[in-house]
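Worth knowing before you read on, the calculation uses all heavy atoms, side chains too, and leaves out hydrogens, waters and symmetry mates. So that the names make sense, note that chain A is the first sequence line, chain B the second, and so on, each numbered from 1.
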Protein chains: 2
Amino acid sequence: MKDEFFKSMNAVISKCLPGNSIDCVVFGYENYQLKTLLLKWKQEDLWSLPGGFIYLDEDLDAAAVRVLKERTGVTSMFLDQFYTFGEKERSKMNSKIISARFSNYTQQDLFGKNNFVEWIDKRFITTGYLALANIEKTLVNPDVFSEKYAWVNVHNLPELLLDHNKIIERALHQLRIQLNYMPIGISLLPEKFTMQDVQKLYEAILQKPLERSNFQRKMLKLDIFKREEKQLTGAANKAPYLYSFNKEKYNELLTRGIGFNY
Amino acid sequence: MKDEFFKSMNAVISKCLPGNSIDCVVFGYENYQLKTLLLKWKQEDLWSLPGGFIYLDEDLDAAAVRVLKERTGVTSMFLDQFYTFGEKERSKMNSKIISARFSNYTQQDLFGKNNFVEWIDKRFITTGYLALANIEKTLVNPDVFSEKYAWVNVHNLPELLLDHNKIIERALHQLRIQLNYMPIGISLLPEKFTMQDVQKLYEAILQKPLERSNFQRKMLKLDIFKREEKQLTGAANKAPYLYSFNKEKYNELLTRGIGFNY
DNA sequence: ATTTCAATGTATCATTATGACACAATAAAA
DNA sequence: TTTTATTGTGTCATAATGATACATTGAAAT
């Protein structure tokens, strides 16, 4: 039992770079709320970001793609490195968590040669990746430390492992800045959507109300949408048009960018 | 001699995180050209970015501040982490460079226990920092590997160590994006300057001509300048006004940002 | 069947921003 | 005194923006 666990973990760490990790802030959009994917640790009341280590022969960016694939099943999502966190104290809590987590093991179990506990009880530098996912299209698969997952409103988060709250804070800041020079949302919205859907998404990200008709005018002027037929299903009001993204024009705008020109 | 060098290097590496480094892209502005600070290696025809390692008890960001201080003497410059480079092959050339560099040493010298060469001949992940410096105010101090330095036009760079060309390319990209949502330049311009100076700087960064009178109107509308007296010295033309930055308003705009609003 | 309700698509309009260009002013050189 | 280059400012047509208005229209309520 003990042997099994440590044998498998030692196998993992022997293939990974020591002292470096990645953490993914996966944003999703559901019920008009901006959410992020969290994993709950086995046994403990502790939530954390999905993350992982970098294989010795693997590019850093590739590690992020792999971890995201392992956790969500999705490969083709918006994924962007946004910051590397290297405060000297940031991973200090690892040892506490580890000792609580493995309190039924002996010191020898925990600190034998080439041991996982010893390996992880070091200072780590982690690189944060920002991902945008369509919640309905993901099939979340918790990692070996986790028993379950949840999509949690980013504006109502519990206290997380280590500096993960800070990492999410920074990812959100980055997302808001990105909104100012590139259209985001193709990854967060369903295939077809209304302009109100887009507006609600932007409001959820920016956390401020936007004027409806001007927002619509401005968005449509970007010329990245294709207007579909009228939406028939619906509520007690005039049926809105459905839109989809014109992916060529969307991607072109992504690379060209929008914004302040001199 | 040999002993001296390795003793000092072993002392250095024993205090540093293995496998992680930082590289600084220091932009400066001189003769209407955007330049970056490069160091030339001793003996070899090889240039590289100023960089360094992270002390075991030092924050990542603090390491960047320290390295910048050690190389340029300046502490209070604009400094921003912009990307972490972790391609698996990126530091492969270290071994070649090392062996060329130390070709007069024996294998035993080079690969003894706890040896600097062994330490550096590993895969490294490096975090890039973008700095803006006033060239006249810096006092460059090459590191132990370097014999001299130079401020080189970023649009006319030689082939550099490892992936340093790529790192500069990305820093420049980041700088251009930053221009779109924050005013940059207070660090690159002298205390007092003309609007033409600002325009030339922007043209050097963006590599495209800007329309004079509209540029002036747009910049002044940002309301971050203080108009000083007329410039008396000068060429065969009407004397332009001198400006300085209103630092309160400048910093406020830096945090608020400019750009596309929804 | 008619009315009510809520949200949509579009329009208006005053204000501001933008790009292109014009031109008198002026410091120094010819 | 004239020439030259650059500056500060103005004009003007066009586009973008923010605030608001209103007729339209599905579905629910009466």
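- At a cut-off of 3.5 angstrom, the base of C/dT8 holds at least one donor-acceptor pair with the side chain of A/Lys238.
- Taking only distance into account, the side chain of B/Thr194 never meets the base of D/dT7 through a donor-acceptor pair shorter than 3.5 Å.
- Atoms NZ (A/Lys218) and C1' (C/dT16) sit 13 Å apart, rounded to a whole Å.
- Within a 6.0 Å radius of NE2 in B/His155, other residues, nucleotides and ligands contribute more than 12 heavy atoms.
- Other residues, nucleotides and ligands place no more than 12 heavy atoms under 6.0 Å from the CD atom of A/Glu159.
- Between A/Glu211 atom CD and C/dA11 atom C1' there is a gap of 13 Å when expressed in whole angstrom units.
- Atom NZ of B/Lys200 and atom C1' of D/dT6 are 10 Å apart (whole Å).
- Contact of the B/Leu189 side chain with the B/Phe245 side chain is registered, since non-hydrogen atoms from C-beta on lie closer than 4.5 Å.
- Looking at B/Arg217, its side chain has no donor and acceptor atom pair within 3.5 Å of the base of D/dG8.
- Rounded to whole Å, the distance from CG on A/Leu242 to P on D/dG26 is 13 Å.
- Checked against the 6.0 Å centroid criterion, the rings of B/Tyr29 and B/Phe27 do not qualify as a close aromatic pair.
- Nearest-nucleotide positions on DNA chain D for A/Asn214 and B/Asn214 put B/Asn214 closer to the 5' end.
- Closest contact between the side chain of A/Arg212 and the listed nucleotides D/dG26, D/dG8, C/dT10 involves C/dT10.
- For the pair B/Leu210 CG and C/dA20 C1', the interatomic distance rounds to 14 Å; values are reported in whole Å.
- One interatomic measurement links the two molecules: CE of B/Met219 to C1' of D/dT7, which rounds to 17 Å at whole-angstrom precision.
- In this model, the phosphate group of C/dT8 is approached by a side-chain N or O of A/Gln196 to a distance below 4.0 Å at OP1 or OP2.
- Aromatic pair B/Tyr129/B/Phe82: centroids not less than 6.0 angstrom apart.
- A/Arg227 contributes no side-chain N or O that forms a donor-acceptor pair with the base of C/dG9 under 3.5 Å.
- A straight line from NZ of B/Lys221 to P of C/dT18 spans 4 Å, rounded to a whole angstrom.
- Protein atom CD of A/Gln199 is 13 Å distant from nucleotide atom P of D/dG18, rounded to whole Å.
- Taking 4.0 angstrom as the limit, B/Gln216 places a side-chain polar atom (N or O) nearer than this to OP1 or OP2 of D/dG8.
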